[in-house]
2 protein chains.
Amino acid sequence: MRMVKLKDIAKELNLSVSTISRVVNNKDRVDPKTREKVLEMLKNYDYKPNEVARSLRLRDVKTIGIVIPDITNSFYASVIKGAQAVCRTNEYSMIVCNSDEDGELEEGALELLLQKQVSGLILSSVGNSFKLVQRLQGNGVPAVYIDNMPPPMHTCDSVSINNVAAAYKITNVLIEKGYKKIGIITGPIHQSTGSERLSGFKQAMANAGLELAEEWVAEGNFKIDSGLSHMRRILKMPVRPEAMVIANNYMAYGAITALREAGLKIPKDMAVVAFDAIDETGLLVPRITAINQPSYEIGRISAEIIIKKLTGSTNKKVYENIILEPELYLGSSI
Amino acid sequence: MRMVKLKDIAKELNLSVSTISRVVNNKDRVDPKTREKVLEMLKNYDYKPNEVARSLRLRDVKTIGIVIPDITNSFYASVIKGAQAVCRTNEYSMIVCNSDEDGELEEGALELLLQKQVSGLILSSVGNSFKLVQRLQGNGVPAVYIDNMPPPMHTCDSVSINNVAAAYKITNVLIEKGYKKIGIITGPIHQSTGSERLSGFKQAMANAGLELAEEWVAEGNFKIDSGLSHMRRILKMPVRPEAMVIANNYMAYGAITALREAGLKIPKDMAVVAFDAIDETGLLVPRITAINQPSYEIGRISAEIIIKKLTGSTNKKVYENIILEPELYLGSSI
DNA sequence: TAAACCAGTAATAACGATTTTACAAGTACT
DNA sequence: AGTACTTGTAAAATCGTTATTACTGGTTTA
């Protein structure tokens with residue numbers, strides 16, 4: 001059994017396709033009596049318009065593409081969930097692509113989305129796909145960067161937190177507690193999240209007049225293993241830091257594991273602060289003090305920006321750079 | 001700047017659209033010299049076919065739809081990731097829909113996917129959307145159920161674990177350790193996961209000749225709160241179970257929280273076993289003994305079944321019901 | 001009463017691709 | 001030399017919609 005189409009309904013009622021279409025789309029210029037008849041028949045056959053044909057004709061697929069590094073990271077999952085909620089109420093759907101933290105795969109995903117003619121794009125970039133994004137934008141596709149910002153940020157929309165300020169803030173929490181020997185495991189330096197969090201950390205240290213020990217500054221890759229290995233390495237040093245800032249949740253898991261391996265207690269032997277909701281179970285002891293990004297909101301606002309640009313009369317060339325306020329969660333890890 | 005299309009290239013080279021199309025699709029019957037010229041021009045303009053038009057003509061959108069209750073649940077996120085990997089290598093994309101555990105929203109999502117003409121469907125159903133799924137199948141769209149099975153399972157493909165056997169097994173782990181007074185917090189009884197896990201539990205109890213105390217059998221809803229409140233209630237009873245089976249990860253978080261509130265230790269005061277990877281951080285103490293579903297595999301195999309049916313010559317009316325072996329993780333919670 | 005207008009409908013032309021058919025010129029075969 | 005086949009290309013049909021234009025009666029207007 002094939003799907004019933006306008007033509008079938010038209011034939012059944014001896015009407016033209018265009019009339020049926022006008023009924024479906026609730027346009028005027030159709031006799032109330034005819035409309036009645038058509039509506040009944042549509043219901044009989046349970047007619048559902050073919051969105052592919054519709055998209056082609058209207059040149060709009062009503063679909064937002066999202067490319068993120070890892071969907072199993074609850075931060076990104078939550079971003080997606082937020083964007084979804086907005087999409088649903090606006091009858092948009094979402095094509096979700098995992099880049100697996102791989103720049104090539106990210107570009108592949110973007111090309112796919114380009115070909116699929118997505119109406120809008122949400123992107124957390126791990127590579128340098130900026131040119132592709134510009135092409136999308138050139139075709140009238142609004143693009144919102146989240147998490148990692150592209151080099152020339154002012155030519156894109158974005159929704160993020162102020163990573164420099166956030167890192168500054170959480171480092172200061174340590175400093176105010178009296179910690180002086182502080183290290184950091186940050187993210188890849190070529191990603192804005194990595195470099196900005198490092199930068200905020202350094203500013204806080206400098207501002208407090210604290211010496212920054214370069215051997216306690218490690219560049220991780222935002223994955224568990226890198227938190228584990230960097231912390232293991234640091235723990236072997238003749239002089240250890242008293243506290244560590246860890247630039248994301250996964251690396252924190254690894255770092256904490258390294259501390260436990262070494263039989264060290266948090267915060268007695270070393271204090272730990274981090275980024276992202278470390279523990280969605282709420283069961284981890286001690287609770288880790290962390291900068292908590294409003295992930296759901298990031299997704300929600302991103303989708304709203306896109307839909308506003310698509311449906312509203314706002315100028316597409318005017319870009320919004322939304323900075324959200326992260327939440328500081330105070331645990332007992334310091 | 002609009003997107004360049006076949007017609008533009010054709011005009012530029014004084015050729016017909018069909019010739020360009022044949023070059024793009026690597027069909028024969030085109031002069032090598034012409035092909036050369038065309039290829040160069042395609043590269044010049046960086047031509048990318050419009051997938052919407054293509055999909056309409058070919059009647060295939062090369063897209064798999066997936067509807068799951070909650071993308072922030074790492075189980076489902078992992079399913080998606082597995083399916084994605086397969087989709088990527090086969091140049092399919094995925095439309096992801098959250099049902100938020102709501103039957104109505106689930107149906108809405110399915111209708112959307114139907115209209116979008118998705119090529120295949122992966123579904124974890126929380127309601128009774130079976131009729132809609134049948135309609136999809138009637139249109140030649142392979143549908144794979146995961147997690148929760150529909151009532152007449154033999155008319156659909158499915159990938160799951162044997163929930164009865166798994167519950168039986170993990171209950172037996174408790175029994176072999178010598179626990180006799182055992183309770184359970186299961187999922188909604190109208191969902192197969194809920195009822196089957198309860199059923200396996202009951203079989204294990206009966207088989208061991210243990211008495212089943214009905215007041216220790218609670219029907220939860222797979223969310224944190226329900227684990228919390230049911231466990232609180234059970235802890236207030238005059239006679240407490242010595243061990244509890246919890247039917248999923250979220251309810252386990254709640255149940256463990258209730259135990260901690262009451263100052264009870266696992267497993268000394270009460271043993272706990274559960275379903276799903278309780279702790280992705282690997283930091284929870286004690287580690288919870290649990291049935292671990294191969295979520296990534298479930299996604300991967302689901303997508304493979306769909307793509308095989310779409311591209312292969314397999315009969316679409318022959319359904320596969322894949323039962324995967326879950327992993328038993330032995331923690332120190334018993 | 002003829003021109004102008006209107007409501008209701010059908011016919012037609014898009015949207016951007018692929019596939020089928022048609023056709024022209026060149027080559028092979030009898 | 002005339003037919004048949006081959007090769008390369010163009011033209012047309014198609015996918016299922018929506019939007020524009022054209023047409024048909026009937027009603028209003030000058």
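Numbered from 1 within each chain, the chains take letters A, B, ... in sequence-line order.
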*Asks:* Check whether any side-chain N or O of Lys27(A) sits under 4.0 Å from OP1 or OP2 of dA19(D), and answer yes or no.
*Replies:*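 Answer yes for this pair, as a side-chain N or O of Lys27(A) is under 4.0 Å from OP1 or OP2.
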*Asks:* Rounded to whole angstrom units, what separation is found between the CD atom of Glu51(B) and the P atom of dT18(C)?
*Replies:*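 It works out to 9 Å between those atoms.
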*Asks:* Is any side-chain nitrogen or oxygen of Lys5(B) closer than 4.0 Å to OP1 or OP2 of dG16(C)?
*Replies:*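 So the side chain of Lys5(B) is within the cut-off, an N or O lying under 4.0 Å from OP1 or OP2 of dG16(C).
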*Asks:* Starting from P on dG16(C), measure out to CZ on Arg54(A) and report it in whole angstrom.
*Replies:*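 Atom-to-atom, Arg54(A) to dG16(C), this comes out as 18 Å.
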*Asks:* With no hydrogens and no angle check, is any side-chain donor or acceptor of Ser21(B) less than 3.5 Å from a backbone partner on Val17(B)?
*Replies:*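 Such a contact is absent between Ser21(B) side chain and Val17(B) backbone.
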*Asks:* Should the pair Lys308(A)-Asp157(A) be classified as a salt bridge under the 4.0 Å nitrogen-to-oxygen rule?
*Replies:*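 Salt bridge between Lys308(A) and Asp157(A), a charged N being under 4.0 Å from a carboxylate O: no.
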*Asks:* So, OP1 or OP2 of dG16(D): does either fall under 4.0 Å of a side-chain N or O from Arg59(B)?
*Replies:*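 The answer is yes; a side-chain N or O of Arg59(B) sits under 4.0 Å from OP1 or OP2.
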*Asks:* Output the rounded distance in Å from CD1 (Ile20(B)) to P (dA17(C)).
*Replies:*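 About 11 Å, once rounded to whole Å.
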*Asks:* Separation of Leu15(A) atom CG from dA10(C) atom P, in whole Å?
*Replies:*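 After rounding, the gap between these two atoms is 5 Å.
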*Asks:* With a 4.0 Å limit, can you tell me whether Arg22(A) has a side-chain N or O closer than that to the phosphate oxygens OP1/OP2 of dT9(C)?
*Replies:*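 Checking dT9(C) against Arg22(A), no side-chain N or O comes under 4.0 Å of OP1 or OP2.
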*Asks:* Out of dA22(D), dT18(C), dG16(D), which has the shortest distance to the side chain of Arg29(A)?
*Replies:*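 It is dA22(D).
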*Asks:* For dG16(C), does OP1 or OP2 lie under 4.0 Å from any side-chain N or O of Tyr47(B)?
*Replies:*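 Result: no.
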*Asks:* Choosing from dT18(D), dA10(C), dG8(D), which nucleotide comes nearest the side chain of Ser18(A)?
*Replies:*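 So the side chain of Ser18(A) is nearest to dA10(C).
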*Asks:* When the nearest nucleotide of DNA chain D is assigned to Ser16(B) and to Arg57(B) on a heavy-atom basis, which residue is associated with the more 5' position?
*Replies:*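 Whichever sits nearer the 5' end wins; that is Ser16(B).
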*Asks:* Side-chain N or O of Ser21(B) versus OP1/OP2 of dA17(C): is the shortest distance under 4.0 Å?
*Replies:*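 Indeed not, no polar side-chain atom of Ser21(B) lies that close.
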*Asks:* So, is Thr19(A) near the phosphate of dG8(C), with a side-chain N or O under 4.0 Å from OP1 or OP2?
*Replies:*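 Negative; the distance criterion is not met.
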*Asks:* Do any side-chain nitrogens or oxygens of Ser55(A) fall under 4.0 Å of OP1 or OP2 in dC15(C)?
*Replies:*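 Looking at the OP1 and OP2 atoms of dC15(C), neither is under 4.0 Å from any side-chain N or O of Ser55(A).
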*Asks:* Given 3.5 Å as the limit, does a donor-acceptor pair link the side chain of Asp70(A) with the main chain of Asp100(A), or not?
*Replies:*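 Such a contact is absent between Asp70(A) side chain and Asp100(A) backbone.
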*Asks:* What is the distance from NZ of Lys11(A) to P of dT9(C), rounded to the nearest Å?
*Replies:*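 Lys11(A) atom NZ is separated from dT9(C) atom P by 20 Å.
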*Asks:* Got Ser93(A) and Ile95(A) here, is their nearest side-chain heavy-atom distance under 4.5 Å?
*Replies:*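 No, side chains not in contact.
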*Asks:* Using modelled atom types and a 3.5 Å cut-off, is there a donor and acceptor pairing between side-chain atoms of Gln84(B) and backbone atoms of Asn98(A)?
*Replies:*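 Yes.
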*Asks:* Is the shortest side-chain N/O distance from Asn50(A) to OP1 or OP2 of dC15(D) below 4.0 Å?
*Replies:*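 Indeed not, no polar side-chain atom of Asn50(A) lies that close.
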